[in-house]
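Because the structure is predicted, anything quoted here is derived from the model rather than measured.
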Amino acid sequence: MAAAPLIEFRNVSRIYGAGEAEIAALNGVNFAIEAGEFVSIMGPSGSGKSTAMNILGWLDRPTHGQFFFQGVDTTELSNPKLTLLRRHLLAFVFQRYNLLPRSSAIENVELPLLYRGINRTERRERAENALSQVGLGDRLHQRTQELSGGQQQRVAIARALITEPAVLLADEPTGNLDTRSSNDIMELVTSLNEDIGITVVMVTHDENVARYAGRRMQFLDGRVDGDNAINADEWQENDHVS
């Protein structure tokens, strides 16, 4: 028997409101994501991509349908169980870095381990390693408010990495960055996917950011309107890659 996909939506719908005010943010969505994939999710405002991401992160629940993770139906699990799954299996990177501005880079990165009750020595060692991994080994004790936008996003990624997640969920991770910083961050995310094997699911509106993924899903009106592998050679031939 073939192994179950890492992530699977089966006929997932998410309905808000009731009666004439009812809105179907998702309407019978089906897809599967294998471990180790890098998937970008695109679509216009109101297409359902952010709702799908919230369900993937166990921040919201389907109104109908099922969300399987590693073959387990998580749809009816209790909120405390979903919190544990989210804490141990997922990491999040957002457009807003959500850092403590007056704390140092290393203090921000080690915070998830503090919540897990990890002792200070191990927290510091793992935080140093994570910051070195994202190229900030020389900025450990600098306050995050003193860092550039690209450096702050690297701190946020290091904070996500320190929990050793199975899946990285990225929501417009380069939305506040200039082109050069955006490319640097996406090269970093790609290396995490290719070298470490972290599964990446990323919402973006930017074609140049989406090209880093190996697969693109297009959402429209609460449905998956397209689902295709991205051919890197094609992008290069069409001068999309700088």
**Message:** Applying side-chain contact (heavy atoms from CB on, under 4.5 Å) to Ser40 and Val209, what does each step give before you reach the verdict?
**Reply:** CA-CA 9 Å; Ser40 67; Val209 170; over 6 Å; no
**Prompt:** Where do Leu192 and Gln133 land on the side-chain contact (heavy atoms from CB on, under 4.5 Å) test, with the steps shown first?
**Reply:** CA-CA 10 Å; Leu192 297 175; Gln133 194 172 354; 4.0 Å; yes
**Request:** Begin with the C-alpha distance, continue with both residues' side-chain angles, and end with the deciding distance and a verdict on side-chain contact (heavy atoms from CB on, under 4.5 Å) for Leu59 and Arg86.
**Result:** CA-CA 9 Å; Leu59 300 171; Arg86 187 165 57 245; 3.9 Å; yes
**Request:** Begin with the C-alpha distance, continue with both residues' side-chain angles, and end with the deciding distance and a verdict on side-chain contact (heavy atoms from CB on, under 4.5 Å) for Tyr16 and Thr63.
**Result:** CA-CA 9 Å; Tyr16 296 101; Thr63 307; over 6 Å; no
**Asked** What do the steps show when you test Lys49 against Glu172 for salt bridge (Lys or Arg N to Asp or Glu O under 4.0 Å), and what is the final call?
**Response** CA-CA 11 Å; Lys49 60 186 187 298; Glu172 301 285 5; 5.6 Å; no
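In this structure, the side chain of Thr174 does not engage the main chain of Leu177 through any donor-acceptor pair within 3.5 Å. Checked by atom type and distance alone, the side chain of Arg215 never pairs as donor or acceptor with a backbone atom of Val39 at under 3.5 Å. With hydrogens and angles disregarded, no donor-acceptor distance shorter than 3.5 Å links the side chain of Asn11 to the backbone of Gly65. Using modelled atom types, no side-chain atom of Arg223 and backbone atom of Leu220 make a donor-acceptor pair closer than 3.5 Å. A donor-acceptor contact shorter than 3.5 Å is absent between the side chain of Glu122 and the backbone of Asn119. Arg154 contributes a side-chain N or O that, together with a main-chain N or O of Val134, makes up a donor-acceptor pair within less than 3.5 Å. A distance-only check finds no donor-acceptor pair linking the side chain of Thr51 to the backbone of Ala25 [under 3.5 Å]. A donor-acceptor pair is defined here as one N or O able to donate and one able to accept, closer than 3.5 Å; no such pair exists between the side chain of Ser181 and the backbone of Asp178.
Surrounding CG of Asp221 are at most 12 heavy atoms belonging to other residues, nucleotides or ligands under 6.0 Å away. Within 6.0 Å of atom CD in Gln145, more than 12 heavy atoms from other residues, nucleotides or ligands are found, so the atom counts as buried in its surroundings. Enclosure of atom CD in Glu22 by more than 12 non-hydrogen atoms of other residues, nucleotides or ligands within 6.0 angstrom is indicated. Counting heavy atoms of neighbouring residues, nucleotides and ligands inside a 6.0 Å radius, atom CZ of Arg116 exceeds 12 of them.
For the pair Val189/Tyr212, no side-chain contact is recorded, criterion being any heavy-atom separation below 4.5 Å from C-beta on. At a threshold of 4.5 Å between non-hydrogen side-chain atoms, the residues Gln153 and Leu188 do not count as touching. Annotation: side chain of Pro62 is in contact with side chain of Ile55 (closest heavy-atom distance under 4.5 Å). In this structure the side chain of Asp171 never reaches within 4.5 angstrom of the side chain of Gln95, judged on heavy atoms. Within the 4.5 Å cutoff, no side-chain heavy atoms of Val12 are placed close to those of Thr75. Contact annotation: the side chain of Gln70 approaches that of Leu6 to within less than 4.5 Å [non-hydrogen atoms, C-beta and beyond]. Side-chain contact between Leu85 and Leu82: present, with at least one pair of heavy atoms (C-beta onward) separated by less than 4.5 Å. Inter-residue side-chain proximity for Met42 and Thr204 is flagged as met; some heavy-atom pair is nearer than 4.5 Å.
When every heavy atom of Ala160 is checked against every heavy atom of Phe92, the shortest pair comes out as CB-O, 4.2 Å. When all heavy atoms of Ile198 and Pro165 are compared, the closest pair comes out as CG1-O, 4.1 Å. The shortest heavy-atom contact between Val29 and Leu26 is CG2-CD2, 4.0 Å. Contact between Ala210 and Met202 at its shortest, heavy atoms only, is CA-CE, 4.3 Å. Considering every non-hydrogen atom in both Gln66 and Asp73, the closest pair reads NE2-OD2, 3.0 Å. In terms of heavy-atom proximity, Leu140 sits nearest to Leu131 at CD2-CD1, 3.5 Å.
One hydrophobic cluster holds both Ile41 and Val224 under the rule that ILVMFWY side chains link at heavy-atom gaps under 4.5 Å. Phe94 and Val109 fall into different hydrophobic clusters, where Ile, Leu, Val, Met, Phe, Trp and Tyr side chains are chained together by heavy-atom contacts under 4.5 Å. Placement of Leu77 and Val167 within a single hydrophobic cluster is found when ILVMFWY residues are connected by side-chain heavy-atom separations under 4.5 Å, directly or transitively. One hydrophobic cluster holds both Met217 and Met53 under the rule that ILVMFWY side chains link at heavy-atom gaps under 4.5 Å. Placement of Val203 and Ile185 in two distinct hydrophobic clusters is found when ILVMFWY residues are connected by side-chain heavy-atom separations under 4.5 Å, directly or transitively.
Taken from CG in Asn27 to OG in Ser13, the straight-line distance is 5.0 Å, to the nearest 0.5 Å. The CD1 atom of Ile162 sits 9.5 Å away from the CG atom of Leu111 when rounded to the nearest 0.5 Å. Atom CG of Leu100 and atom CZ of Arg143 lie 12.0 Å apart (nearest 0.5 Å). Taking CG of Leu147 as the start and OH of Tyr97 as the end, the distance is 10.5 Å to the nearest 0.5 Å. Here CZ of Arg139 is found 13.0 Å from OG of Ser132. Values are rounded to the nearest 0.5 Å. In this structure, CH2 in Trp58 is found 5.5 Å from OG1 in Thr74, a value given to the nearest 0.5 Å.
Using cut-offs of 30° and 60° on the angle between ring planes, the pair Phe69 and Phe67 is perpendicular.
Ion pairing between Arg124 and Glu110 holds under the 4.0 Å rule for side-chain N and carboxylate O.
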